[in-house]
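Please read the structure below before turning to the comments.
Bear in mind that the values here come from a model prediction, so they are computed numbers and not experimental data.
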Amino acid sequence: MGKPVMKLHFIIGVLAVLAVSLVNAEDPYLYYTWTVTYGTRSILGVPQQVILINNQFPGPKLDVVTNNNIILNLINKLDQPFLLTWWQRKNSWQDGVLGTNCPIPPNSNYTYKFQAKDQIGSYTYFPSTLMHRAAGGFGALNIYHRSVIPIPYANPDGDFTLLVGDWYKTSHKALQQTLDSGKSLPFPHGVLINGQTKTTFTGEQGRTYMFRISNVGLSTSLNFRIQGHSMKLVEVEGSHVIQNLYDSLDVHVGQSVTILVTLNQPPKDYYIVASTRFTRTVLTATAGLHYANSQTPVSGPLPAAPAYKYHWSMQQARTYRWNLTSNAARPNPQGSFHYGKITPTKTIVLANSASYINGKLRYAVNGVSYVNADTPLKLADYFNIPGVFSMNAVQGVPSGVAATVATSVMPTNLHDFLEVVFQNNENTMQSWHLDGYDFWVVGFGSGQWTPKKRRTYNQVDALTRHTTQVYPNSWTAILVSLDNQGMWNMRSASWERQYLGQQFYLRVWNPVRSLANEYDIPSNVLLCGKAVGRHP
């Protein structure tokens, strides 16, 4: 009788050890408290009101590791409701846009709870409400790889984050009034690097540094370059890419790229330049790359921007390719997913347009200009509240009829595999973003897309990203696997166009509620509109 007891004690002991191991193995939790306030800064030589987070402009940098859990208490001290959005895949309830979340009222707070699930790379967060983004409140979200996951380059000797973007001296409320009156925004007043017109990054000769570059502006594509130095592109919005060298890189609104730069030049200071692309007037911001042993200040002309425009930029975009043998956040190689061999469930063609509705400028998708409801769509869907949004307003092909307004949702099913074509028949650059997903950018082309254009697709090593550019009078094609249930915002990354209706929501749906597909409604969910008084 003694031996079975010994065995039982042994089994219990093993289970106890396993239980402790499992508890200890849980992904770490990181806790933050951020207070959002107004403040005054002289940015382009004129004092103006900006939005600060913990008294910082730009906001604090979020440095996390793959699968970290972020618990962030956001306190709103502004005089308007406020939300932050960040790129995260797992949880539509925490997306921080008006289709998923009630805005945080003034003098109130909300605690976001989300996980950097299976993510690496350089990202940003920013306000999604009104025109708050024009006043600040944005910052970097850098997701580092787990130590057990190798990266396809040597660890850099340092890591710099550069938030670049166009900027207005005009207040965000005045800019909103301009849009509300039916007019377009004027041309920006300048370009900033990390909220400044002048800043310096210091490194040691012979060493290699990582630069994480994100375009946080409202509307303008930028070209980035470093005097006398080549830039090795290594990562684009979570994708490890073939490591080509570039003299300059176009970074469009809402996009992020990560480069490695080796300080292999004579010890002096060099210009870092970000300048507007495709604009009659070129706005430029400069920073300094300072060799630690330098005694020589920056000198000479700024490194020139590319002489060619759209065709050159499109050709450069085609050189961004997936590193098929490298992993990303997971151990398996990126190329183990053969996206090009999957037959799409459906094809959606999305045409952007500008038109006047009731005498005011609006932007539309397939003839439908989006208007926000007073109730988040996610809450309306969860509580089965009728009349909040329409699932038949926006169609999967351009309508060719006069534009109308609607709170438009496009229905899709969990595990659909979509081909989406962004058709731009306007003379302006477009930048399209999808929350909750990355997608394969398989093709760029001029003129009108037709099914024959599929012959030009990159079906082997197209990179994945969350924001893609569409050139004037051109098209861009993407493939996306809808493996992430929820209500997800598809929008223009150009904030004027988003604000005036160039957006809609994808409802990625499965009738069976399961925590395997989607997290449940948060216990601290804010309720507003027609959801007031409901109980989760």
Chi angles and distances behind the salt bridge (Lys or Arg N to Asp or Glu O under 4.0 Å) call for K90, D118: CA-CA 9 Å; K90 188 68 176 173; D118 294 333; over 6 Å; no

Residues in side-chain hydrogen bond (donor to acceptor under 3.5 Å, both in side chains) with T347, at least two apart? E419, R454

Under the 3.5 angstrom rule, does the side chain of T161 hit a backbone N or O of I213 as a donor-acceptor pair? no

Taking the six-membered ring for Trp, are F439 and W432 ring centroids under 6.0 Å apart? no

Check against side-chain contact (heavy atoms from CB on, under 4.5 Å), S390 and S408: CA-CA 5 Å; S390 169; S408 43; 5.9 Å; no

Atom of R491, atom of W495 and distance for their closest heavy-atom approach: NE-CZ3, 3.9 Å

Can you spot which of W488, Y519, Y382 makes a ring-ring contact (aromatic ring centres under 6.0 Å, His included) with W93? Y382

Let me see the working for S221 and Q469 under side-chain contact (heavy atoms from CB on, under 4.5 Å), right down to the final yes or no. CA-CA 9 Å; S221 297; Q469 70 273 28; over 6 Å; no

Tell me if a side-chain donor or acceptor on T375 pairs with a main-chain N or O of K530 at a distance below 3.5 Å. yes

4.5 Å side-chain heavy-atom contact, P105 and P81: no

Within this structure, what is the OG-CG distance for the pair S369 and L500, rounded to the nearest 0.5 Å? 7.0 Å

Keeping T66 on the side-chain end and Q119 on the backbone end, is there a donor-acceptor pair under 3.5 Å? yes

Exercise: identify the closest heavy-atom pair between L218 and M131: CD1-CE, 4.3 Å

Look only at the side chain of E518 and the backbone of L515, and say whether a donor-acceptor pair between them is shorter than 3.5 Å. no

Is it the case that the ring center of F417 lies less than 6.0 angstrom away from the ring center of Y339? no

In this structure, CZ of F224 is separated from CG of L222 (nearest 0.5 Å) by 10.5 Å

Residue among F138, W34, W87 satisfying ring-ring contact (aromatic ring centres under 6.0 Å, His included) with Y125: W34

Tell me if a side-chain donor or acceptor on N68 pairs with a main-chain N or O of V65 at a distance below 3.5 Å. yes

Report yes or no: does H132 contribute a side-chain atom to a donor-acceptor pair with the main-chain N or O of H172 at less than 3.5 Å? no

Check for me whether the distance between the ring centres of W322 and F337 falls short of 6.0 Å. no

Return yes if some donor-acceptor pair links the side-chain N/O of E235 with the main-chain N/O of E237 below 3.5 Å, else return no. yes

Measure the CG-OG1 distance between N73 and T111 for me, rounded to the nearest 0.5 Å. 3.5 Å

Report yes if some heavy atom in the side chain of T467 is under 4.5 Å from a heavy atom in the side chain of H252; otherwise report no. no

When you look at D27 and Q115, which way does the side chain to side chain donor-acceptor pair (under 3.5 Å) test go after all the steps? CA-CA 9 Å; D27 296 308; Q115 186 181 27; 3.3 Å; yes

Just verifying a value: how many Å separate F422 CZ and Q430 CD, rounded to the nearest 0.5 Å? 10.5 Å

For R362, what residues pass the salt bridge (charged side-chain N to carboxylate O under 4.0 Å, His left out) criterion, not counting sequence neighbours? none

Working to the nearest 0.5 Å, report the span between NE2 of H145 and CD1 of I151. 3.5 Å

Taking NZ, NE, NH1 and NH2 as the nitrogens, is one of them in R513 or D520 under 4.0 Å from a carboxylate oxygen of the other? no

Would you please name every residue forming a salt bridge (charged side-chain N to carboxylate O under 4.0 Å, His left out) with R321, sequence neighbours left out? D461

From the options E496, Q498, R497, Q502, select the one residue that forms a side-chain hydrogen bond (donor to acceptor under 3.5 Å, both in side chains) with Y363. E496

Is it true that a side-chain atom of N366 and a backbone atom of V349 form a donor plus acceptor pair closer than 3.5 Å? yes

Do D435 and H433 pass the side chain to side chain donor-acceptor pair (under 3.5 Å) test, and can you show the C-alpha distance, the side-chain angles, and the key distance before you say yes or no? CA-CA 7 Å; D435 278 355; H433 172 87; 2.6 Å; yes

Would you sort out whether S492 and N352 count as a side chain to side chain donor-acceptor pair (under 3.5 Å), showing the intermediate values? CA-CA 9 Å; S492 172; N352 52 273; over 6 Å; no

Atom of T220, atom of N215 and distance for their closest heavy-atom approach: O-ND2, 3.0 Å

Which atom of D95 lies closest to which atom of N101, heavy atoms considered: N-OD1, 3.7 Å

If you look at every heavy atom in S494 and V253, which pair is closest and at what distance? N-CG1, 4.2 Å

Drop me the distance from N91's CG to K117's NZ, to the nearest 0.5 angstrom. 12.5 Å

Is the Lys NZ or Arg CZ of R318 less than 6.0 Å from the centre of Y471's six-membered ring, within 45° of the axis? no

Any heavy-atom pair between the side chains of I478 and T468 that's under 4.5 Å? yes

As a quick check of understanding, evaluate side chain to side chain donor-acceptor pair (under 3.5 Å) for T464 and S239, giving each step before the final call. CA-CA 6 Å; T464 60; S239 281; 2.6 Å; yes

Plane angle bin for Y112 and Y110 - parallel if under 30°, tilted between 30 and 60°, otherwise perpendicular: perpendicular

L379/I521 under side-chain contact (heavy atoms from CB on, under 4.5 Å): CA gap, chis, key distance, verdict: CA-CA 9 Å; L379 287 174; I521 187 170; 4.1 Å; yes

So do the side chains of P106 and L78 get within less than 4.5 Å of each other, counting heavy atoms only? no

Just one of F504, Y499, F389, Y505 clears the ring-ring contact (aromatic ring centres under 6.0 Å, His included) bar with Y370, so which one? Y505

Judged by atom type as modelled, is there a donor-acceptor pair below 3.5 Å linking the side chain of S474 to the main-chain atoms of P472? yes

Which residue in the set T35, V36, N109 passes side chain to side chain contact (heavy atoms under 4.5 Å, CB included) when paired with L74? V36

Does the pair K173/D79 count as a salt bridge with the N-to-O cut at 4.0 Å? yes

Give a yes or no on whether the backbone of Y29 and the side-chain of N69 come within a donor-acceptor separation of less than 3.5 Å. no

Stepwise side-chain contact (heavy atoms from CB on, under 4.5 Å) test for L506 and L434: CA-CA 9 Å; L506 276 181; L434 175 58; 4.1 Å; yes

Closest heavy-atom contact between R212 and S122? NH1-OG, 2.8 Å

If you define the side chain from C-beta out and look only at heavy atoms, does anything of W86 sit under 4.5 Å from I70? no

